[in-house]
Structure formats: C-alpha cells, structure tokens
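Here is the structure we will look at, set down as structure tokens.
As the structure is a computational prediction, the values presented were derived from the model and not from experiment. Residue numbering restarts at 1 for every chain, and letters A, B, ... go by the order of the sequence lines. Values below: all heavy atoms of this structure, side chains included; hydrogens, waters and symmetry mates excluded.
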Amino acid sequence: MSWIIARRRRPVAGYAALLLGLVVVSLVYGSLTRAGGSAQAAPTSAQQDIAAGKTLFLANCATCHGMGAVGNPGVAPSLIGAGAAAVDFQMSTGRMPAKEVGAENARTSPVKFSQQQIYEIADYVASLGGGPPIPDAQQVSTVGADTALGYQLFSANCSQCHNAGLSGGALTYGKFAPALNQATPTQIYEAMLTGPEAMPVFADGAVPPQAKRDIIAYITATRAEPNPGGLSLGRTGPITEGLVIFLGGMGVLVLMAMWITAKRREPWDAAQPKDTGTSGTEH
Amino acid sequence: MSDMEETEGAEVPEVPAAPRRVIGTPPPSPRLLGSGDGGAEAAAQEPAGGGVAVVEHEGDKLPAESDYPSHANNAEKIVVACFLIAFVAGCGFIAAYVGLGVHSVDKVFRSNLALGLSLSVALLGLGFGALIWVRQLMPDVEMIEERHDLRSTDAERAAFEEYFEEGTASSQFAKRPIVRRTLMLATLPLAAIPIVVLRDLGPLPGTSLRTTVWSPGRRLLVYGTNTPLTPAAFSAPGSMITIVPDGYQDDLDALAKAAVILIKFRPGELNIPTTYRGGTLIGTMNWTVDNSIVAYSKICTHVGCPVALYEQTTHHILCPCHQSTFDASTGATVIFGPAPHPLPQLPLTTDSAGYLVAKSDFTQPVGPSFWERG
Amino acid sequence: MSENIDIPKALSGTGSWLDDRFHGARGLRVFMRKVFPDHWSFMLGEIALWSFVILLLTGTFLAFFFVPSTAPVVYHGSYVKLNGIEMSQAYQSTLNISFDIRGGLLLREIHHWAADLFMAAIIIHMLRIFFTGAYRKPREVNWLIGIALFTLGLLEGLFGYSLPDDQLSGAGLRIFEGALQGIPIVGTYLAFFLFGGPFPGNSIIPRMYIIHVLLIPGLILALITAHLFIMVHQKHTQMPGKDVTEKNVIGQPFFPYFMAKGGAWFFFIFAALALLATFAEINPIWLYGPYTPVAISSASQPDFYMGILEGALRMMPAWEWNFLGHTISFSVLIPFALPLTIILGGAAFWPFFEQWATGDRSWHNVNDRPRNAPIRTATGMAVVVFYGVLWAEGANDVIADYTQIPLYTVTWISRVLIFVGPAVAFYVTRRICLGLQRQDKELVEHGLETGIIRQLPSGEFIEVERPLDEEELAKLGVKTVPALLPATEAVDENGVPAPQTRGVMGRARVIANRAFAETIVVETNGHGDGHGPAEEHAAVGAGQAELPGDGGDGEEPPGS
C-alpha cells in the first residue's frame, strides 16, 4: 500500500487510476446488461375458491373492471371470457392491478398478491364467462421439445417485437414489448394464449400446445445460454457494438496515443533539488 | 539573483527569473539535424534550464546513452518484465489452444476467454514493453529536417516539357491524325466489352416482380408447423400468424414475395373499403373470410422487410425496420412512416375441405416500389 | 560508424547482398533518418492502417473455413438449439467457425471488431485532417484518396457482415435490394443483375464473397499504399510550435524511434481488439438464426458506419410519384442518395471550395488550430451534427425503448433536428471559435494570469501576468489569415470592377471570402509581453518592463 502511496504523484499514477476506473465501470456495466434469468417452477394445480376470489376481486379489481367484471369503457376491458390464464398472467407478473388508467403496464415486482390469491381471483373470473384455463405443469414442460421449430415460430411471430436476443422492443405510442428474461414458462404460455394488451393472440388452432412448448423451450434455452464471445452488451446488436467501438475502442486508443506522444518528463526524482543546495533544474 | 521555482502557488514568489517550468516539465531535448541538407546553424550550448541545446552540425549524431541512466535501469526491469509476461502469455495461448476443446457453447465460452485473455496479455506486454523502451530507455531527441520544394524548378519543368514534345513528335502521334483516331476507335469496343459481358449476371426482370406464387386454391400454411388453417382454428379475436404458401414452404425466393400475415378481427372491427387503383381492384371486404379474417402481404412496401409487428389493440401493423405503420382494419393503409402505399391484400376464401386458401394472386405488385410498377 | 555497436555478420552480409542488387544504402539511410512529427492526433490514421493489417490476417484465417454458398443444408452441429433447421452453407460454416474451430470465434470477433475500428478510426482521422486544415495544398489528392478509402471501407464492411447470411444482415441485404430496385429506369435491372435474379437468389453470397476478399481489399491496399507514399514523399504536416515553419519538420527519426513507436502502437491496437473480442461479444449470429425473408427482429440495425443510411430511411416521410405507368419512390431514393452525397461529395469538394473562397494557393505544411479557421470548423461541426442526427435516428427504436420516449416522437424530433441542428451547430461553433481567438489574443498581448496578486507601493493591487514563452507564443501566434479578395464595389482607376467579382459566382465568392477572412487580429511585438500601460499590469520576467517604483530585482514581497 505504501508502495502505491509513495508513487501517487508520478504521472503514471493518474493514468493507472483512470484505467482502473474504466475497467471497473465496463465490467460492472457489462455484467448488469447481461441477458439471463432463471425460469420459475410451473404452478401446481389450483384450488377451487371462487367465493374468496370474488371477495378479492371486489376489493381490488372492481373499481376499474366493474362489478361482475363487465368492464368500464375507456378505463378497463370486460373480463368476461378472458379466462383464468389471462388473470394469472396479468397478476403474477405484477401488471395488474394497474397503477393508473391508460399507462403502459409493465412487469412489476414484488407482486402484491400471493399465488394462492391469484388463483382464487382467476377462478372467480373464469366462473363468470369461461376462457382459457391456467396451463398445468405438464402443459408447459419443455422436455423433448423441438427448439428448431420453436426457433422458426419465434423468429416469424415473436422476434419482431421481443427481439431475437429477447431484449424486447418499442411499439407505437409509447407501448413496448417487454424483454423475456424473467417470464416463467407458464407466463409465456399464458401470454401466447391470451394475447395481453397489444400482444396478438396465438390460440391453439394456429399454434398448437406442442408448438407453444417448443417456443418456450427456445426462449428458455436462449436466455440460459452463456455468451461465448464475451459480455453480451445487452444482446441489442450493432447499436451497442457501435457505442463500444467509439467510447471503448477509440476512446481508449486516443488516450493511449496521448501517452505515446506525450513529451518525456524529467523523472521526478531527478527534478528534486539536491541536498548540496544547487537545484537540478537550473544552470 | 535568487532563482525561483514556480510551484503550485504554494509560496509567494521572489523576484521572478527566467525559468518558468514546473517540476516534471519536459527538459529541453537535444535538437539534431535530420536527413535533409541542413541549413540550420549550429547554436551554442545554452544552459540546460533555458532554451534548446542544439548539437553542432558536424558532430550530428543520435546520443548513444539513455538519459537518466539510473532511471533507465529501473525502466529496463519493467520492460523485461513486460516482455517476459508476454512470453508466458503467448505460451499460455498455445497451451489453451491445445488443451481446451470446443464443440459446445460452454466449452467455446471457456476457450474464447482463455485464448483471448492470453492473446491480449501477450500483445499488451509487447506493446507496453516497446513503449516504455522508447520513452525511458531511448534518449529523447528532436530532429529538424528541411522540406524541399515540391514544385519542380522551372528548369526541370522546361526539360520535362522539352522531352515530352520530343517524344510526342518522334512517335508521330501528332503528325498522323488518322492513326491516332483509328487507335481510339479500335479501343472503344474493347472498353465496352467488360460492361457487355456482365449482361449474363442475371435475367431480365420481365414481369416477375408483378406476380407471386399465390394462385387460386393455394392453401395457406402456418410457417414453421406447415399446417393448413380452418377459420375455426383461427377464431380467437386478436390472433395473428405468419403464413406461407403451400408447396413453397422452403423456397426463399418465393417467400421473399409471398409471405403473408393473417389477422383475425373482432366482429365489426374490420372495415376495408372497396378500393381501386387505376382499373384494378386492390382491396375489398369480399376478400376476407367471415368478415373478420384478413390476409396482407408481409413484405413492406418501403424496402421489403417483413412487416410483422401487430398490435391487436390499435390494429396497427408496424414494420420494425423503418417504422412504416399500416392500419389493418382499413386495408393496411399507411398511417406513419416512409412506406409509400398500403400492403397488398391477399384475396381469401375457403376450399371444399374448409381450409383457408387464396382466391387468386395479389392484384398489385408486392414489396418495394419500382420504376415499372405503374 | 558507431563506436560501441558491432553489426552482426549475418545482418551486414545480407545487407550487402541486397545492396549489390538494389542500390539501397543511400535511399535507406535517408528514409531511416526521415523525421516524423509527434502529436497524438497523428496516430489516428495508423489505427486504421493497423486495423486493416489485422483484418487481412484474421480474414485470411476465416477464408480457410468459410463456405460462400447458399446451398441449403440441415444443421446437425455443436449449436444444438438449431439442430434440424435448414440453413445455407454460408451460415453453417460460420456456426462451424464459431463453435467447432478452436480460436475461430475469437478470430471472427477480432475480424469484426477490427472492421468497426477501421471505420471509426477513419472517421476520427478524417475529422482531424479536416479540422486542422491538413487537406490543403499540396495534400488535396491524399484527401480524395482518403475519401475513396472511406467509401470502399463502407462497402467492404457491408458485404463482409452480410456474408454469414444470418437474419440480421439478410434483412440489411433485403433493404439494399429494395432500395436498388427503386432506382428509376435501371433499378430493377441493377437488382436482378446483382442478385442473379429475384431476391434472395443463390448468387449474392458468392459474389459478395469475391468482392469482399479480392476486389475491394486489393483496391484498398493499393490506395493505402498510395496514401502512405504521398504522405512520406510530401512529409507529414505538423502542429504549430516553437521553431516550426512551413519549410521544416521537427520530430523524431524513423529509425529507431518512430519505428518502435509504430510497432508499439500496432501491438496496442491488436491488444485492444483482442480484449474487445474476449470481453465484448460482437455479431452473435447464432442468436439471430439463418436468414429467411419471412422473419425479422426488433432493433435490426446495420453496423454503425451504415447507420446514417438507416437513419435517413427511417426519418423520411412517405413520398412517391406515380405517372404514366411509372413509379418513383422518393421515400427510398432521397435517403439512399442524399446523405452520402452531401457528406462524401461535400468532403471531396471542400478543399477546392476553400481555395476558391480564400484565394489561398500557397503550400501549407503547418496545421491550423481549429479555432483559427472559424468557417471551416463551423462547417465541420454542422456536418458532424448532420451525421449524428442521422446516425441517432438509425437507432430510434432502441432509443425509444431505452428512454421511454414514444417511437414516433423520436422520429419527429429527428426530422426537425436534421435541419435545425446543423444550423445551430454552425452558428454556435463559429461564435465559440471567435471567442477562443479573442482569448488567445488576450494571452498573447497580456500574458498568462498567474493568480498571484501583488500590491504596488502605491497601494494598488495588480494581478501578476506572466508573458508567454516562445513555445507557447509559437503555438498561439500562428494564424493564417485569408487575404481579402477585392470587394464587389471595388473598382480600379478606370471604374472597372475586378473580373473575379463579376456575376453571381463573383458576388458569392466575395461573400464567402469575407466569411472566411473574419478573424481576430493579434498584435505581438515579438516578446509577448503586451502593450498594456505599466500601471495596469506588470510584465513579469527578466529584463522586461519595469514595475513602477520598482528599483530592480531583489525586492522582498510583503509578508513572505
């Protein structure tokens, strides 16, 4: 330590500190933007408690969605026929209850309700008008899935919004498609099935359950995959690559060039006045 | 006269003297003469604290010893250390290459990290070592070189002109106009030949940009699963799916014009007005199925990207490339962005087995505009 | 002959053998003693040079493994997620290089990063040349060669990253083809000839391959050679400084100094690229998948150097003419043609425009400080802002996603900024340059404020100013002021106006000339001690102006 302190005034100390700072910042940033995330376990089968669900619904949802979930034009859509899967998706990702009317509903955390409460509300809503049920563990299991077909379906129908690297994307009028690094297999299945908000519906007629599992397998494999070429830079593509080459590449090289061509300094020990009383810099 | 060192302003200065360098300011380097013919007079050696020391003209040599030899010896240790680290890292690269296999994503991750790190350290070691060598071991010199006039002297120019005229006259080029004119004539076709032989680079476009492989009765297949669709299978309102023509699932040339986006609307939300372009019908509700299933070309009319983002709440089809936006409920009319005209609508109907099929090909050219589009 | 070094026999023997055949001794000695001036900004072109060398090395390696064919194959390789997918051999061989060749991914990434660095370095290098006026006579040809290198680099990069036939670059090719197709009269023919038929066809990959590995590298190599030869022959420019004149070069000799620094620079650049390739993943084509015209990803952008074209395409509103059975789509034509024409054409045209406006036909070997050429610097900044707005718009969906600004709003902002931005940049930069010139004038005429307050015997407080020394003065004092051309009203003794001021071009020339000639005049008396009245401030220095009431040196400062 004293070795470093003793040399803190040397010109090289400044460069060393700068370099250390750059390296630390870049590693921290790189690790923060790495795509990744773990899948949660598939839900167990739900218990029937429509009455409990109704109580919760009236307390938390009816103000926007109306009594009996009939909806409120301009505020919230009717949930009759929306189904348990839609409720589970919206509530387990924290999108519902919505913070404000008309706002883009993003995934929030922590989720306000327990999974049991969500199942109860889902059962209540399902009892009002049917709709897609919550998929069970077997339905979202990716064992034996075909990631090749999952890739084809994902690239043709999903990547234009959610990005080939799963980092999401912008839609019109301030909406956006979220990144897919946190959604559980159940949530992905439910989203495809119910088409939340602006997302289209991918019903079983066009995308059969096995195809959905293939897509889920593709997504989970992609986000679990390491980045063999280094830090992922957010998996956003050439935009971040261009920023890195200018700020990181050219920036660092320009600083190096300044060092290479800097005028040679008199070594600081040679510049100190000597004990004999004559200064080293004069005569 | 007492001398003054200007420090960082810590002390009030006495009467100031000539040197005005801060500690660490580069000392004046000995100035030598470069490879030019000279012309700089030799100046006397000035005090080292003052101006520039210029070495005499006759003894104009690069100094053989490092400045500040003790410092240079320390620097030498650093340079040697850098080179040794570079050597070890270079061997490390070879060891990592031999020892670490690939053939899986995880292994490639490890191999890339090891190879890249060792290569970087080896190169950095060489770079730092070389640089410290130049800056600390080599003595600091500055050389002056004369720039000679780039413009040739008048005499040189005159000599050039003279010989050029001599040569031209000797070649008879000027005196025999028919020779030089037929020479140029002869070279003209040869100059054109490299262009001419490029003709077979590709076929003429003909009318191929006006048609796609869609034809009456051709089934719509879901891309990927390659399964046909009935209206009942595509009944959830707000659905969207990518469609390819039956028989051409893997034909990229065909798909580049024939890819289709199929959308299911809620009842009453789809309102395509009957639209003509010139005399050709290009959009109508008759081309939908159940007044709620509609098919548009997936090839953007701007520059040809697949226009694929479908927002079911706004029924906008957004192209991710340049943000051309089409309203699917009114015949894919353009509402924002650079696309110049709407997405062509594919006439749909159902066949005898109940599957969705095309009624005919598109009635207008698909994809980006071109000169002959009409 | 040096006293303390013995040249090894092997070296001197070889040298003699060669010299017997090539008369090399004198020329080589001249070259070894050639002086290269030292400034960090002179090393930017070398970044491009060494990046190109690294591109050649890594590219050769990649060419041993890449298969430039669109023939379809079903993948069964190390990247198991795509097993069973049909893809082109080009894509498969790229997956092969990445996952089945040791060091393949590293060298692929170094190659791609080097391409990005090559273009980035050229841009910064060109900006340096522009802002210091190093393109002036006698270096106009080198400037034009540089622009040609930049253009070739654009094409080379475009074809290079399109070779793997992945989803991202294939979308770029689709856009390229769509834009080509839209060219009036010949567009469809050009597109069909280039692609060998309708898009995508089977010819484009092999054709791009041969252009990318043979044609353009050959042209670039030849032009780089010419570029360097001209630079060595004319000698490098240098920054203003002490003893620097138009007739000399001050610096360090090539052997051993510049050679060693050049070598060190090569290793640093290579190390930077190797570090990037190790720690920053570039072009993960396995995530994009093989190209199909049916699919697309959000955030699809080309490599950064094509970004301005992408931005132009996004910015342009819809505009098309249909007439007599023909269609011209300006929404494609204008973005395709205009930005590059303005930037590259403007750059090529600029040295000659500046000569015309300033009437300056002298040789320039000393660089200008950017502040001393306000119109040039302001124009350069306007072009930089123009380029920057287009470039940023190319990333508009990523910007919208990241900043939560709605997508269309970002585009509207850029549509306004593309006109307003350069104008504001021009005005602001010009004012800043003139302001900095005034600051220089203050420094030269009055000296540097030392922050030391001194009380005179009369009780007055003054700030002690240190006059600039020769080195500083040389830097600040050098300014080439364009000569004023005769004004439009100027007439000779017979009442005839000067010939070059007649007509529209003549008047335009005078206006341009006045703009270029606007500068802040600095008066120096050669000592840099200023002319200020002795009572107001004292010039401090040996033998300079006397302080009032100051008997000489040796004065004790109060309270020392």
Side-chain angles (χ1 to χ4, degrees), chain A residues 26-27 30 104 146-149 151-152 154-157 159-177 218 221-222 225 227-233 235-246 248-250 252-254 256-263, chain C residues 38-44 47 75 80-85 98-99 105 109 113 116-117 120-121 124 167-168 261 264-265 268-269 272-273 276-284 287-289 292 294-305 307 395 397-398 400-401 404-408:
Chain A
S26 61
L27 284 178
E104 174 75 12
D146 177 5
T147 52
L149 178 61
Y151 159 74
Q152 284 188 303
F154 185 88
S155 67
N157 299 300
S159 65
Q160 70 269 16
C161 293
H162 289 286
N163 188 268
L166 312 181
S167 60
L171 304 175
T172 63
Y173 307 122
K175 303 191 291 293
F176 64 93
Y218 175 78
T222 301
E225 188 177 281
N227 299 300
L231 298 167
S232 73
L233 307 180
R235 286 188 177 178
T236 316
I239 302 292
T240 38
E241 291 162 10
L243 279 174
V244 166
I245 200 63
F246 266 96
M250 281 304 297
V252 169
L253 285 174
V254 163
M256 284 303 315
M258 289 179 178
W259 178 33
I260 291 178
T261 54
K263 282 197 157 31
Chain C
D38 232 358
H39 191 266
W40 67 265
S41 66
F42 296 169
M43 308 197 76
L44 300 171
I47 300 179
Y75 184 71
V80 293
K81 203 176 76 182
L82 292 180
N83 271 350
I85 294 279
S98 304
F99 292 108
L105 183 61
E109 292 201 302
W113 280 123
D116 277 359
L117 189 64
I124 305 290
Q167 193 63 56
L168 182 63
K261 284 190 186 173
W265 198 215
F268 277 123
I269 291 166
L273 289 171
L276 281 170
T278 311
F279 291 110
E281 190 173 75
I282 187 168
N283 202 23
L287 287 179
Y288 305 146
T292 153
V294 164
I296 185 94
S297 169
S298 71
S300 285
Q301 271 92 5
D303 276 11
F304 85 87
Y305 41 87
D397 52 351
V398 176
D401 195 22
Q404 306 275 296
I405 301 175
L407 197 53
Y408 297 159

Cut-off 4.5 Å, heavy atoms of chain A, and the answer for Gln404(C) is side chain
Cut-off 4.5 Å, heavy atoms of chain A, and the answer for Ala277(C) is backbone
Sorted by chain and residue number, the salt bridge (charged side-chain N to carboxylate O under 4.0 Å, His left out) partners of Asp401(C) (sequence neighbours excluded) come out as none
Chi angles and distances behind the side-chain contact (heavy atoms from CB on, under 4.5 Å) call for Thr292(C), Gln152(A): CA-CA 9 Å; Thr292(C) 153; Gln152(A) 284 188 303; over 6 Å; no
If one checks every heavy atom of Tyr151(A) against chain C at 4.5 Å, the contacting part turns out to be side chain
Heaviest contributor of heavy-atom pairs below 4.5 Å to chain A, chosen from Pro406(C), Ser297(C), Ala295(C), is Ser297(C)
Bottom line for Asp116(C): the part with an atom under 4.5 Å from chain A's heavy atoms is both
OG1 of Thr261(A) to CG of Asp38(C), rounded to nearest 0.5 Å, is 5.5 Å
d(Ile260(A) CD1, Lys261(C) NZ) to nearest 0.5 Å is 8.0 Å
So, the part of Tyr288(C) with a heavy atom under 4.5 Å from chain A: the answer is both
If one checks every heavy atom of Ile282(C) against chain A at 4.5 Å, the contacting part turns out to be both
Evaluation steps, side-chain contact (heavy atoms from CB on, under 4.5 Å), between Leu253(A) and Trp265(C): CA-CA 9 Å; Leu253(A) 285 174; Trp265(C) 198 215; 4.0 Å; yes
Comparing Ala262(A), Gly242(A), Ser167(A), Ala170(A) against chain C, the one with the most heavy-atom pairs below 4.5 Å turns out to be Ala170(A)
If one checks every heavy atom of Leu105(C) against chain A at 4.5 Å, the contacting part turns out to be side chain
Whatever's closer than 4.5 Å to a heavy atom in chain C on Leu166(A) counts as neither
One option among Phe154(A), Phe246(A), Trp259(A) has the most heavy-atom pairs under 4.5 Å with chain C, and it is Phe246(A)
Separation between CD1 (Ile269(C)) and CE (Met256(A)), nearest 0.5 Å, reads 10.0 Å
Exercise for review: For side-chain contact (heavy atoms from CB on, under 4.5 Å), just list the numbers for Tyr218(A) and Lys81(C), CA-CA rounded to whole Å, side-chain angles, deciding distance to a tenth of an Å, and then say yes or no.
Suggested key: CA-CA 7 Å; Tyr218(A) 175 78; Lys81(C) 203 176 76 182; 3.2 Å; yes
Here the gap from Ile239(A) atom CD1 to Asp397(C) atom CG, rounded to the nearest 0.5 Å, amounts to 7.0 Å
Residues passing the salt bridge (charged side-chain N to carboxylate O under 4.0 Å, His left out) test with Asp146(A), sequence neighbours excluded, are none
Rounded to the nearest 0.5 angstrom, the OG1-CG distance for Thr147(A) and Leu82(C) is 7.0 Å
Under 4.5 Å to a heavy atom of chain A? For Ile85(C) that would be both
So, the part of Phe99(C) with a heavy atom under 4.5 Å from chain A: the answer is side chain
